[in-house]
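Written out below as structure tokens is the structure these notes cover.
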Amino acid sequence: MGRAKIAITVDEQALKELDRLVREGVHPNRSQAIEAAVLERIDRIRRSRLARESAKLDKLEEQALANEGYVGESEWPEY
């Protein structure tokens with residue numbers, strides 16, 4: 001996957017903290033620090049969405065559906 005250059009505006013205090021992380025060697029440069037933060041945020045959003053959607057499921061109904069697949073499947077099928 002390719003990379004794209006972008007221009008962003010960042011709060012001065014956030015930039016100071018970002019530069020501190022780079023100085024301390026947490027990230028090799030600003031660009032990679034920002035990319036890591038963006039990817040982490042995207043991952044958190046995905047996980048929280050999955051949790052919200054999963055919470056909507058009926059636990060008993062899901063268990064019944066899962067059990068349906070096991071009825072009569074005590075042995076491996078012949079190939």
- Go through the steps for Glu62 and Lys59 under the test salt bridge (charged side-chain N to carboxylate O under 4.0 Å, His left out), then give the verdict. CA-CA 5 Å; Glu62 293 299 315; Lys59 193 180 275 188; over 6 Å; no

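Both Ile34 and Ile42 are members of a single hydrophobic cluster when ILVMFWY side chains are connected at heavy-atom separations under 4.5 Å. Note on Leu15 and Val22: separate hydrophobic clusters, where clusters join Ile, Leu, Val, Met, Phe, Trp and Tyr whose side-chain heavy atoms are under 4.5 Å apart, directly or indirectly.
Within 6.0 Å of CZ on Arg3 lie no more than 12 heavy atoms contributed by other residues, nucleotides or ligands. Glu12 CD: 12 or fewer foreign heavy atoms inside a 6.0 Å radius.
A salt bridge between Arg47 and Asp43 is present, with a side-chain N of the basic residue lying under 4.0 Å from a carboxylate O of the acidic one.
Of the listed residues (Leu39, Ile45, Val38), just one forms a side-chain contact (heavy atoms from CB on, under 4.5 Å) with Arg41, and that residue is Ile45.
Separating the CZ atom in Arg46 from the OG atom in Ser48 is a distance of 11.5 Å, to the nearest 0.5 Å. Taking OG from Ser31 and CD from Glu35, the interatomic distance works out to 6.5 Å, rounded to the nearest 0.5 Å. Atom CG of residue Asp19 and atom CG of residue Asn29 lie 11.0 Å apart, to the nearest 0.5 angstrom.
Residues Ala36 and His27 come closest through the heavy atom pair CB-CE1, 3.6 Å.
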Donor-acceptor contacts under 3.5 Å from residues 4-11 side chains, at least two apart:
{"unit_1": "Asp11", "atom_1": "OD2", "unit_2": "Gln13", "atom_2": "N", "d": "3.0"}
{"unit_1": "Asp11", "atom_1": "OD2", "unit_2": "Ala14", "atom_2": "N", "d": "3.3"}

